[in-house]
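In this text, all values refer to a predicted model and were calculated from it rather than measured experimentally. Basis for what follows: all heavy atoms, side chains included, without hydrogens, waters or symmetry-related copies. Read the numbers this way: they start at 1 and go in the same order the structure lists the ligands and their atoms.
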Amino acid sequence: MRIAGSIAIALGFAGAASASLHPRSQESRDFFALHLDADTSPDRVAQVLGARHEGKIGELAGHHTFSLPREKSSDFNALLKELQSTRKLRRRSGLTAPRNADPLEGILWSHKIAPPRQRLEKRAPPSSSYIASRSNPSLSSRVDLTAQNEIATELGITDPIFKDQWHLYNPLQPGFDLNVTGAWLNNVTGQGIAVAVVDDGLDMDSKDLKPNYFPEGSWDFNEGSAEPRPLLRDDKHGTRCCGEIAAAKNDVCGVGVAYDSKISGIRILSKPIDDVDEAKAINYEFQKNDIYSCSWGPPDDGATMDAPGILIKRAMVNGVQEGRGGKGSIFVFAAGNGAVYGDNCNFDGYTNSIYSITVGAIDRLENHPTYSESCSAQLVVAYSSGSGDAIHTTDVGTDKCFSAHGGTSAAGPLAAGAVALALSVRPELTWRDVQYLMVETAVPVNVDDGSWQDLPSGKKFSHDWGFGKVDASSLVEKALTWEMVKPQAWFHSPWLRVHRSIPQGDKGLLSRYKMTQDQLKKANLAKLEHVTVTMNINHARRGDLSVDLRSPSGIISELSVARKSDNANIGYVDWTFMSVAHWGESPEGEWEIIVKDTQVNEFNGDFIDWRINFWGEAIDAAKTHLHPLPDEHDHDHPYEDPHDIATVSVDPGPVKTGAPENIDDHHDRPINQKPTSTPKPTVTQPGDASKPTDENPTDDELEVVNPSPSTTISNPPTPSSSSGSDYLSSYLPTFGASKRTQIWIYASFAMIIVFFIGLGVYFQLQRIKRRRTNPNDDYEFEMIEDEEEMQPMTGGTGRTQRRGGELYNAFAGESDEEIFSDDGHDVYHDRLADISEKDNEDDPSPNSGLLSEKP
Ligand SMILES: *[C@@H]1O[C@H](CO)[C@@H](O)[C@H](O)[C@H]1NC(C)=O
Ligand SMILES: *[C@@H]1O[C@H](CO)[C@@H](O)[C@H](O)[C@H]1NC(C)=O
């Protein structure tokens with residue numbers, strides 16, 4: 001700390017002198033987020049560091065932004081690193097920080113903030129195919145509108161485009177809608193609930209939104225102003241999403257799913273934004289806003305693998321822990337529109353978060369839209385564009401409507417609206433109760449399409465449809481009598497070392513983890529909700545990889561799929577995949593992960609390590625506590641936890657080693673504790689701790705064809721070199737040497753490995769750095785706009801349709817400039833505006849928008 005202190009003092013003088021000379025601009029200053037303990041004043045920290053305190057980070061308790069002149073920030077960085085390693089050392093040695101006058105001791109966590117990044121432009125779908133499909137004769141027919149009219153009359157709905165809002169009530173394809181009118185007839189309309197649409201703005205002057213507009217829950221993070229008014233020509237997406245949720249019951253356009261709920265606009269997508277503002281945005285007024293509807297994410301190009309920054313991850317956890325009076329903010333995310341590019345929502349860190357409800361799309365004929373991404377993290381689907389129609393909603397303008405809203409962008413808000421209805425009758429439901437209710441009431445669709453698995457819980461799950469389509473009335477009905485679940489518990493496995501090359505072709509590399517009854521009890525975990533797997537794979541072509549997870553009861557989660565456009569030569573770096581497919585299962589037993597390199601080619605790689613995390617309902621509510629905020633991954637994966645190492649299974653004849661007796665609370669387990677019982681030795685080959693002894697299998701035997709469980713890669717205990725001599729000798733060969741010499745031998749191996757890992761990390765960092773500085777990769781968000789929103793109906797099933805490459809071809813030959821240029825947008829939007837205006841003005845006939853032939 002002495003060195004740190006002196007750097008700080010040096011910085012202090014320089015910083016104080018220059019602070020006033022620099023403008024508040026990202027160009028000349030670097031920004032840092034610091035988490036301070038409750039006793040540490042940010043002003044004092046700023047003073048000691050010579051930094052400027054820029055303010056609190058939204059609702060994240062103790063988190064503050066500091067800035068200092070760019071030329072000072074590398075010293076500052078070094079200081080923070082040193083503080084961090086001091087903290088780590090202290091944590092490991094079980095010491096508490098000395099409470100002296102040094103305020104730097106109160107820094108719990110630090111993170112450098114990257115400058116605001118520019119999101120990619122919206123991908124404007126070609127509108128011509130939409131126009132063509134509108135006149136698809138196969139869809140026009142005479143419809144009996146009596147029932148629809150009766151419902152409208154009974155509810156007093158006079159909104160002119162209600163008759164077009166098939167997603168609310170579908171007279172043409174009965175039952176292919178949200179089934180919401182039953183809830184409305186029971187006077188469940190979203191009263192008292194506020195939904196925030198985090199997007200590109202909310203037109204509060206629209207007569208359809210004005211009655212429900214909630215200024216207190218709204219903010220414009222792009223302009224730093226209170227009103228999230230759409231300013232760019234392009235800022236229409238958010239308003240359209242708002243209309244789907246909370247368009248008022250009046251004489252303008254249609255109605256929202258929860259037409260008496262309040263609607264907030266949180267504007268973040270119209271300018272570059274940094275992680276601090278994004279973190280603030282998703283916690284914005286989280287005691288007043290109940291639901292955050294997010295129809296955006298990293299690019300859906302089938303090549304991107306991107307997750308929210310650590311600060312945003314913290315804000316999401318903060319949202320579910322502290323928002324809504326501790327019941328938890330509800331985050332709803334659109335699954336993504338990249339299915340045509342082979343994209344999958346497990347490559348998006350927002351949609352594969354356990355804290356978000358991931359919503360894919362289903363079209364009006366219950367087909368799987370070609371754009372809608374599948375993945376094991378998808379919870380439900382809701383209606384959107386495809387098969388010749390789209391979502392009819394409110395648009396920017398005092399009384400403007402829009403008839404071509406689509407993509408998963410349009411599906412997410414419908415689910416958010418349904419949740420608003422459920423919360424309006426049971427506001428005390430937690431964020432996990434809401435996910436349970438979605439699981440319980442979603443309606444499986446196309447059950448014979450081969451995508452469904454029967455789960456031990458009695459539910460069905462499909463990677464294409466999640467648990468099925470959202471049914472608003474059932475959701476509300478179930479919510480009314482729902483017995484709330486106990487708090488969340490979890491179990492994090494140790495890092496499981498594999499370090500093997502992955503066979504190419506049909507074979508896969510299998511690794512197992514055994515979860516015991518004992519561990520479950522210690523973790524206070526009753527049954528599963530989410531499963532996450534964090535893994536490291538080095539590979540020369542990421543898109544060749546696929547990963548399946550198999551539960552003890554044989555349920556398969558496709559955690560990762562091969563992606564033809566993904567040429568990244570980086571593999572997976574501490575990436576976390578998520579699955580909801582094991583919801584309700586018992587985690588007890590053997591879990592298998594199968595990694596495949598699907599292409600036989602010159603690109604290959606190694607499966608380094610993984611860990612599995614089980615999240616679910618607690619056994620004993622009294623013993624639960626909140627999960628700590630996420631931290632950056634520790635890149636020197638310790639493989640060190642004796643409690644967990646003891647549970648690693650070895651096949652055949654699992655080596656059960658028993659857990660250390662003196663650890664009763666696994667959550668507060670001490671680090672580097674020695675095991676109290678010693679496992680029998682399992683490794684004979686010096687220097688390769690990952691090879692099991694019982695068989696001494698050859699490499700060929702280790703390559704197993706999924707799903708044959710007969711041969712396996714086992715995960716024998718993998719002690720770290722720091723674990724002490726007793727520990728060491730019990731696991732590893734002795735070379736006939738003294739303990740001292742053994743330690744020396746193993747330490748040497750460890751250092752060599754660490755050196756190469758370090759080298760690898762260095763080169764990867766260099767790569768990442770290069771990519772970061774490449775302006776083409778400088779994105780933050782991309783709107784999830786419908787790729788093939790307006791695909792003409794082809795009558796085939798969704799599964800075959802969505803692999804098509806039509807859109808790709810549609811763009812062929814056009815440069816990005818042509819597609820994304822402002823001019824292009826204007827043309828596009830004007831054209832679409834024309835369509836929607838026509839809908840409103842030229843079609844006095846009842847049910848005019850309903851797929852009937854246009855003049
Ligand atoms: C629709 O909601 C009602 C309750 O209002 C429920 O009884 C029914 O099963 C739901 N589903 C369908 C397809 O009608
Ligand atoms: C409908 O519910 C609201 C509160 O949610 C209540 O104020 C109103 O009186 C109810 N109306 C009827 C007809 O029950």
Partner set under salt bridge (charged side-chain N to carboxylate O under 4.0 Å, His left out) for K469, not counting sequence neighbours: E366
Of all heavy-atom pairs linking P230 and L202, the shortest is CD-O, 3.4 Å
Enumerate the pairs of nitrogen or oxygen atoms, one from ligand 2 and one from the protein, separated by less than 3.5 angstrom; state names and distance to 0.1 Å.
{"from": "ligand 2", "atom 1": "2 (O)", "to": "N187", "atom 2": "ND2", "distance (Å)": "2.4"}
{"from": "ligand 2", "atom 1": "5 (O)", "to": "Q191", "atom 2": "OE1", "distance (Å)": "3.4"}
{"from": "ligand 2", "atom 1": "11 (N)", "to": "N187", "atom 2": "ND2", "distance (Å)": "2.7"}
{"from": "ligand 2", "atom 1": "14 (O)", "to": "N187", "atom 2": "ND2", "distance (Å)": "3.1"}

Enumerate the residue pairs fulfilling side-chain hydrogen bond (donor to acceptor under 3.5 Å, both in side chains) with a member in residues 281-290, sequence neighbours excluded, ordered by first and then second residue. E216-K288, S264-N289, N283-N318
Is R364 close enough and on-axis enough to F176, meaning under 6.0 Å and within 45°, for cation-pi? no
Exercise: identify the closest heavy-atom pair between D220 and R267: OD2-NH1, 2.9 Å
Quick one: list whatever passes ring pair (Phe, Tyr, Trp, His ring centres under 6.0 Å) with F461, sequence neighbours left out. H463, F467
With heavy atoms under 4.0 Å as the rule, classify the contact between D471 and ligand 1 as side chain, backbone, both or neither. side chain
Heteroatom distance test (N179, ligand 1): nitrogen or oxygen, under 3.5 angstrom: yes
With the threshold set at 4.0 Å, does a side-chain nitrogen-carboxylate oxygen contact exist between D395 and K400? no
